[in-house]
Amino acid sequence: MKFTQLFSALAGLATLCSPCVSAANQIPSEKDMDAYLLVFFSDSDHSLHFAVSRDGYKFTALNDNKPIIAGDSIAEQRGIRDPHIYRAPDGNFYMALTDLHIFAKNEGLRDTEWERPAEYGWGNNRGLVLMKSSDLINWTHNETRIDKLFPDEFGDIGCAWAPQTIYDPEKDAMMVYFTIRKKGENIPGATNDERKTRLYYAYTDKDFTTLSTKPEKLYEYPDSTIQVLDADICPLPGGGYAMTYVSQENPCGIKIAFSDDINKGYNYVDRQIDFEPQHCEAPNVWKRIGEDRWVVMYDVYSINPHNFGFVETTDFKTFIPIGHFNDGPMRTTNFTSPKHGAVIHITKEEADRLEKHYPSTKTK
């Protein structure tokens, strides 16, 4: 489909982005949705947090903003970052997270700043955490080491960050896409491309316990000297996909690319869609229930305290800024400084069940 045709179809069609499209009535459709679930992590505990909103504007953290799942219970490094959640056509929920604790030395979890020597670069983790649930409360989890799965190409991997999940209908499989630095930043003999973060994808096994295919390049940025990371893929009304991502330029910010295929062919667009004067990262696109309006949420890590920023679009061409949490229409009631989040739609029953299981007493 040509993109001019795609955009002309936007006004009259509706779909969800990350939580997505009903398949053979296996999952609720948009008309069944009544609330929003935000997943995020906190630098203070490197653990998973949930927040619920009934209107898509005011979010309240569950469990009084204490962790829903402690990072030290699911991750090899005893901490997680960058959680992403997805409702798949099989009716299950899937989460993918970065296996990384950046303060592990300070907290006595290891003797060195990073797991490996400094030449591997910032973070230098090698693993992801894959989780699955049928009810948003009981989760399986598996630690996945990229270097051990694919030693020939990724045995000396520099990092594996910010995984996200989407169902690929052509492959009938869950696709995980994430940021990889193939080599350490200062590893002798590494090429410029290997030293830069790039976007990759792979498919998982049916049980969502491991990667079943070797990671392949998802996107080629036109300037090979620029690092790209933190992709988010959103199905578009009328077909095709929009991918928001980060380009580390000056400032680091959110860009968008389009493709007719989920895992290839993304066309570069020479513009930044956030309105931040300083650096931001970690975009996530979600639709307002019952409206032909999409929110691009992102992490503004360059301000203190850090916060989420938001822009809205009805056509994926024009983006309108709506501020940060608590300085515009988007609000939090009992938490501040969330990091790298994602939002899905949930039903009233699901929201009620979560709020009953993880009650919060401290709101404002």
Peer 1: Counting N and O atoms only, with roles assigned by atom type, does the side chain of E30 sit under 3.5 Å from a partner on the main chain of G290, one being a donor and the other an acceptor?
Peer 2: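 Checking the backbone N and O of G290 against the side chain of E30, a donor-acceptor pair under 3.5 Å is found.
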Peer 1: Under 4.0 Å between a Lys/Arg side-chain N and an Asp/Glu carboxylate O for R54 and D352?
Peer 2: yes
Peer 1: Any Lys/Arg nitrogen of R126 or E115 sitting under 4.0 Å from an Asp/Glu carboxylate oxygen of the other?
Peer 2: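 Salt bridge present between R126 and E115.
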Peer 1: Is there a side-chain contact between Y177 and L199, using heavy atoms and a 4.5 Å cut-off?
Peer 2: no
Peer 1: Are the side chain of T144 and the backbone of T210 linked by a donor-acceptor contact shorter than 3.5 Å?
Peer 2: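 Flag not set: sc T144 to bb T210 has no pair under 3.5 Å.
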Peer 1: As an exercise, state the distance from CD1 of I344 to CG of L136, rounded to the nearest 0.5 Å.
Peer 2: 5.5 Å
Peer 1: Do F208 and N92 have side-chain heavy atoms sitting under 4.5 Å apart?
Peer 2: no
Peer 1: Check the hydrophobic clustering (I, L, V, M, F, W, Y; side-chain heavy atoms under 4.5 Å; chains of links allowed) and say if V52 and I137 are grouped together.
Peer 2: yes
Peer 1: Once you round to the nearest 0.5 Å, how far does CG of N125 lie from CZ of R116?
Peer 2: 7.5 Å
Peer 1: State yes or no: are the ring centers of F40 and F335 separated by less than 6.0 Å?
Peer 2: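 When the ring centroids of F40 and F335 are compared, they turn out to be within the sub-6.0 Å range.
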Peer 1: For T60 and T333, which I'm curious about, is there any donor-acceptor pair between the side chains at under 3.5 Å?
Peer 2: yes
Peer 1: Using only heavy-atom distances, determine whether the side chains of T361 and D64 contain a donor-acceptor pair under 3.5 Å.
Peer 2: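 Side-chain D/A pair, T361 to D64: present.
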Peer 1: May I ask you to test the T347-M33 pair for a side-chain heavy-atom distance under 4.5 Å?
Peer 2: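 Yes. Closest side-chain heavy atoms under 4.5 Å.
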Peer 1: So D43 and R81, salt bridge (charged side-chain N to carboxylate O under 4.0 Å, His left out) or not? Walk me through it.
Peer 2: CA-CA 8 Å; D43 268 337; R81 299 175 71 83; 2.9 Å; yes
Peer 1: Is the backbone N or O of E76 less than 3.5 Å from a side-chain atom of D99, with the two atoms forming a donor-acceptor pair by type?
Peer 2: yes
Peer 1: Taking S247 for the side chain and E249 for the main chain, is one N or O donor matched with an acceptor at less than 3.5 Å?
Peer 2: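 It does not hold such a pair.
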Peer 1: Determine, step by step, whether E216 and K214 satisfy the salt bridge (charged side-chain N to carboxylate O under 4.0 Å, His left out) criterion, reporting the C-alpha distance in whole Å, the side-chain angles of both residues, the deciding distance to 0.1 Å, and the verdict.
Peer 2: CA-CA 6 Å; E216 304 286 351; K214 180 173 68 69; 3.2 Å; yes
Peer 1: Going by atom types only, do T98 and D82 share a side-chain donor-acceptor pair under 3.5 Å?
Peer 2: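 On atom types as modelled, these side chains qualify, holding a pair under 3.5 Å.
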Peer 1: Ignoring hydrogens and geometry, is there a side-chain-to-backbone donor-acceptor pair from R195 to E185 under 3.5 Å?
Peer 2: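 Confirmed, R195 side chain pairs with E185 backbone.
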Peer 1: Taking C-beta and beyond as the side chain, do K182 and E153 meet within less than 4.5 Å on heavy atoms?
Peer 2: yes
Peer 1: Is there a side-chain contact between F319 and D274 (heavy atoms, below 4.5 Å)?
Peer 2: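 No; the side chains remain at least 4.5 Å from each other.
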Peer 1: Given the rule that I, L, V, M, F, W and Y join up when any side-chain heavy atoms are under 4.5 Å apart, are I146 and W161 in one cluster?
Peer 2: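 They do not share one cluster, since no chain of ILVMFWY contacts under 4.5 Å joins I146 to W161.
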Peer 1: Hey, what's the ring geometry for H279 with Y301, parallel, tilted or perpendicular (30° and 60° as the breaks)?
Peer 2: parallel
Peer 1: Heavy atoms, side chains only, cut-off 4.5 Å: are W139 and L48 in contact?
Peer 2: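 Side-chain contact under 4.5 Å: no.
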Peer 1: When you check the side-chain N and O atoms of D172 and Y167, is any donor under 3.5 Å from an acceptor?
Peer 2: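 Their side chains do contain a donor-acceptor pair, which is all the 3.5 Å distance test asks for.
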Peer 1: Between S224 and D193, is the side-chain hydrogen bond (donor to acceptor under 3.5 Å, both in side chains) condition met? List the steps.
Peer 2: CA-CA 7 Å; S224 64; D193 188 62; over 6 Å; no
Peer 1: Just so I know, are the side chains of F316 and V285 near enough to count as touching, which here means a heavy-atom distance under 4.5 Å?
Peer 2: yes
Peer 1: With a 3.5 Å cut-off and no angle check, do the side chains of N192 and T225 form a donor-acceptor pair?
Peer 2: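 Short answer, no.
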Peer 1: Under the criterion ring pair (Phe, Tyr, Trp, His ring centres under 6.0 Å), which of F310, Y36, W294, Y298 is the partner of W286?
Peer 2: Y36
Peer 1: What distance separates D135 CG from E349 CD, expressed to the nearest 0.5 Å?
Peer 2: 14.0 Å
Peer 1: Taking the side chain as C-beta and beyond, is there a heavy-atom pair between R288 and V295 under 4.5 Å?
Peer 2: yes
Peer 1: Parallel, tilted or perpendicular: which describes the rings of H84 and Y86, with under 30° parallel and over 60° perpendicular?
Peer 2: parallel
Peer 1: If you apply the rule side-chain contact (heavy atoms from CB on, under 4.5 Å), what do you find for N284 with D232, and how did you get there?
Peer 2: CA-CA 6 Å; N284 177 243; D232 182 273; 2.9 Å; yes
Peer 1: Taking the six-membered ring for Trp and the full ring for Phe, Tyr or His, determine whether the centres of Y120 and W114 are under 6.0 Å apart.
Peer 2: no
Peer 1: Is a donor from one side chain sitting under 3.5 angstrom from an acceptor on the other, for Y203 and D168?
Peer 2: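 Checked: Y203/D168 side chains pair up, N/O donor to acceptor below 3.5 Å.
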